[in-house]
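Working notes, beginning with the structure itself.
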Amino acid sequence: MAIRLFNSYSHALEEFHPVEPGKVRMYNCGPTVYNYAHIGNFRSFLLADLLRRFLAFSGLEVKQVMNITDVGHLTEDHLEAGQDKVLVEAMRTGKGPAEVARFYEAAFIEDARRLRLLEPFARPRATDFVPRMIEMIAALLAKGYAYVVDGEVYYDVSRFPAYGRLSGNTLASLEENARVAFNEKKRRQHDFALWKRDDKHLMQWDAPWGRGFPGWHIECSAMSTHYLGDTLDLHTGGEDNIFPHHECEIAQSEAFTGKPFCRCWLHARYLLVDGRKMSKSLGNFHTVRDILEKGHAPEALRLSLLATHYRQNMNFTLAGLEESRARVASWQRVVDNLESAPAGPATPRVAAAAERSLAAFAQALADDLNISAALAAVDDFRRETNSAGPTRSDAPLVKDTMRRFDEVLALLSWDEKGLLDAEVEDLLRQRREARQARDFQRADAIRDRLKAAGILLEDTPAGLRWKRAR
RNA sequence: GGCGGCAUAGCCAAGCGGCUAAGGCAACGGAUUGCAAAUCCGUCAUUCGUGGGUUCAAAUCCCACUGCCGCCUCCA
């Protein structure tokens, strides 16, 4: 089935075909590790994860690279502002910015695992790629795409005619609408830095042009081409990365390699919280761990952040989080209830639903990751299956179908319930007896006791069901 | 000021020129049930921000207006 994606570079829906058939090279702009990642960050990372999982689901091999930006935009001024506790603590105890970065990098990876993002092929750190960045800058200088001024290096955008094609910010329009004070060192207002100096900067490296640090954009060019070659198939990021970051990445990379940098760009639109832009001052700022620490299930958060199409502003609310939780729970029950399915022949209706829903699911995602339609396909399967009443013979198919959905969605728990210990087993037996004797008071008391122990009971027409509280 | 995006039921959200406007949450009615939970069946937008236009036909295309959001040098 043809997969269509909206390519921000061409501003159009296109059929996706990797350079090398069957193998996809994908680069995702990753986190800046000077703070905990917030839910907006993860919306963009989850787009990358959804895309990767769906491509794999479709039979493609995906080589995914997500960078860690640890090259400091940290200066002494930041330290003086002292907003970040870990940072302040690090400086107080004599630890450097590198240790701060490691701390938040570890926190990010933990968050990513809790939200079930697949491990990328590589998660390179910008600081490990400074030599390659210097190499690339030297090459750009040699080719005449860049110039040195006073120990700094700038990219000469006038040498790259396609500048502005991604963002729509052509040089002409940028010049007309200049809003930022002109940096005297640059030849043109919109030339951007490949190498900078700033004595206040805490991370510095030696380069042929002087001691300093790399410009923001060059790191992604260095890391992506190192792992994935001159031409990437896919590149993702938040919409705010379109300009200047990705525009500049294209200019640098193509000037360096002489080849097209990336075939297809995907950008996740911003997330709002309670209808407004998330910001600390509005008090609607949520990190991933804040939400999880408040007791919300990671699957609920994952679905919430996934459930709105990536090119649509999503509005995050606690009500929406609860809605996602309920939806995941209803799918989980389809799987869990199979254990107590009655014996009987296979149900044609279930088989038909499995085939139809799986096809609808794949077709929806192939249409520029139409997640709403894909989720509706899962709901359709849930309703059909429950309505038909699956038998023991249906169980393998139902389970396989749900598993297939979950390869992409990654929301369900597949661990076996495990054996109950003898004490719980005994309580269940006692309750059964109490109910038979119509001693409902005692039956309810036992149910409450088991609930407190994390075992939830359901008396269904098919008999007693139990599950562990999650 | 320049560039770009979005407005669909109480809420979330599909649909992208033509079958009765998907699906979820909530709500309500019913079945089942000792109660609870879960599940099923049914109800829930003659209408798609507002006003025009194009068309045999528009939520879908065009124009205007209103509202919201993003980018315009280091923020996903």
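No experiment lies behind these values; they were computed from the predicted model shown. Chain A is the first sequence line, chain B the second, and so forth, proteins listed ahead of strands; every chain is numbered from 1.
Close to B:rC6, at under 4.0 Å from its OP1 or OP2, lies no side-chain N or O of A:Arg269. For the pair A:Thr32 and B:rA76, the criterion of a side-chain N or O lying under 4.0 Å from OP1 or OP2 is met.
Taking the nucleotide of RNA chain B with the nearest heavy atom to each of A:Ile371 and A:Phe243, the more 5' of the two is matched to A:Ile371. RNA chain B is contacted by both A:Gly40 and A:Phe440; A:Phe440 maps to the nucleotide lying nearer its 5′ end (nearest heavy atom per residue).
Using a 4.0 Å heavy-atom distance criterion, A:Gly320 is classed as making no nucleic acid contact. In this structure, A:Arg431 reaches the bases: a heavy-atom distance under 4.0 Å links it to at least one base atom across the strands shown. At a threshold of 4.0 angstrom between heavy atoms, the contacts of A:Arg43 with the nucleic acid are absent. Contact annotation for A:Glu322: no contact, since no heavy-atom pair falls under 4.0 Å across all strands. Residue contacts for A:Ser167: at a heavy-atom cut-off of 4.0 Å it reaches the sugar-phosphate backbone alone, with no base atom in range. The residue A:Glu458 sits close to a base: some heavy atom pair falls under 4.0 Å. Within 4.0 Å (heavy atoms only), A:Asn241 reaches sugar-phosphate atoms of the nucleic acid but no base atom. In this structure, A:Ser304 reaches neither bases nor backbone, as no heavy-atom distance under 4.0 Å exists between it and the strands shown. Looking at heavy-atom distances under 4.0 Å, A:Leu271 makes contact with a base.
In this structure, A:Arg187 is positioned above the aromatic face of A:Tyr147, its NZ or CZ under 6.0 Å from the six-membered ring centre and within 45° of the axis. Annotation: cation-pi pair A:Arg435/A:Phe440 absent, no NZ/CZ under 6.0 Å from the ring centroid and within 45° of its normal.
Remark: A:Arg383, A:Asn386, A:Ser387 in residues 383-392 of chain A come within less than 4.0 Å of RNA chain B through at least one heavy atom.
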As a quick check of understanding, evaluate salt bridge (Lys or Arg N to Asp or Glu O under 4.0 Å) for A:Asp111 and A:Arg114, giving each step before the final call. CA-CA 5 Å; A:Asp111 289 346; A:Arg114 295 200 70 190; over 6 Å; no

Between A:Phe160 and A:Tyr145, is a ring pair (Phe, Tyr, Trp, His ring centres under 6.0 Å) present by the stated rule, with each step listed? CA-CA 8 Å; A:Phe160 192 75; A:Tyr145 281 100; 7.2 Å; no

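In the interface, the side chain of A:Asn313 is not paired with the base of B:rG70 through any donor and acceptor atom under 3.5 Å apart. The base of B:rA38 does not come close enough to the side chain of A:Arg465 for any donor and acceptor atom to sit less than 3.5 Å apart. With hydrogens and angles ignored, a donor-acceptor pair closer than 3.5 Å exists between the side chain of A:Asp459 and the base of B:rC35. Applying the 3.5 Å distance criterion, the base of B:rC35 shares no donor-acceptor pair with the side chain of A:Arg438. Counting atom types as modelled, A:His217 pairs no side-chain N or O with a base atom of B:rU73 as donor and acceptor under 3.5 Å.
Distance, A:Leu338 CG to B:rU39 C1': 14 Å, rounded to whole Å. A straight line from CD of A:Glu323 to P of B:rC11 spans 12 Å, rounded to a whole angstrom. We find that CG of A:Leu318 is positioned 18 Å from P of B:rC25, with the value rounded to whole Å. Straight-line distance from the CG atom of A:Leu303 to the P atom of B:rC25: 11 Å, rounded to whole Å. Atom CD1 in A:Ile446 sits about 17 Å away from atom P in B:rG34, given to the nearest Å. The CZ atom of A:Arg311 sits 11 Å away from the C1' atom of B:rC16 (whole-angstrom rounding).
For the residue pair A:Gln204 / A:Arg211, no side-chain donor-acceptor distance below 3.5 Å is found, with atom types taken as modelled. A:His267 and A:His246 form a side-chain donor-acceptor contact under 3.5 Å, judged by distance and modelled atom types alone. Between the side chains of A:Glu384 and A:Ser357, not a single donor N or O lies within less than 3.5 Å of an accepting N or O.
Only the C1' atoms considered, B:rG15 is 16 Å distant from B:rG24, to the nearest whole Å. Comparing the P positions of B:rA22 and B:rA31 gives an interatomic distance of 28 Å, to the nearest angstrom. Nucleotides B:rC16 and B:rC56 place their P atoms 22 Å apart, quoted to the nearest Å. Of the C1' atoms belonging to B:rC35 and B:rC41, the separation is 23 Å, rounded to the nearest Å. For B:rG53 and B:rU20, the P atoms lie 26 Å apart once the distance is rounded to whole Å. Nucleotides B:rU8 and B:rA13 place their C1' atoms 9 Å apart, quoted to the nearest Å. B:rU54 and B:rC62 have their P atoms separated by 15 Å, with the value rounded to a whole Å. On the C1' atoms, B:rA21 is 11 Å away from B:rU46, given to the nearest whole Å.
Minimum atom distance to the side chain of A:Asn169 is reached by B:rG2, of the listed B:rG2, B:rU73, B:rC40. Listed nucleotides B:rC72, B:rC74, B:rA14 differ in distance to A:Ala193; the shortest reach to its side chain belongs to B:rC74. Listed nucleotides B:rC69, B:rC12, B:rG24 differ in distance to A:Leu272; the shortest reach to its side chain belongs to B:rC69. Closest to the A:Glu239 side chain, of the nucleotides B:rG70, B:rA38, B:rC75, is B:rG70. Taking every side-chain heavy atom of A:Asp379 into account, B:rG24 is the closest of B:rC25, B:rG24, B:rG5. Across B:rU39, B:rC74, B:rA7, the shortest atom-to-atom separation from the side chain of A:Lys196 is found for B:rC74. Distance from the side chain of A:His38 is smallest to B:rA76 among B:rA38, B:rC12, B:rA76.
Of the charged side-chain nitrogens involved, at least one lies within less than 4.0 Å of a carboxylate oxygen, so that A:Glu105 and A:Arg125 count as a salt-bridged pair. A:Arg383 has no carboxylate O lying under 4.0 Å from a charged side-chain N of A:Asp379, or vice versa, which leaves the two without a salt bridge.
A tilted orientation is assigned to the rings of A:His217 and A:His245, their planes being inclined by 30° to 60°. In this pair, A:Phe192 and A:Tyr155 present their aromatic rings parallel. The plane angle is below 30°, not in the 30 to 60° band.
Nucleotide B:rU20 forms a pair with no other nucleotide shown, judged by Watson-Crick or G-U wobble geometry with both contacts under 3.5 Å.
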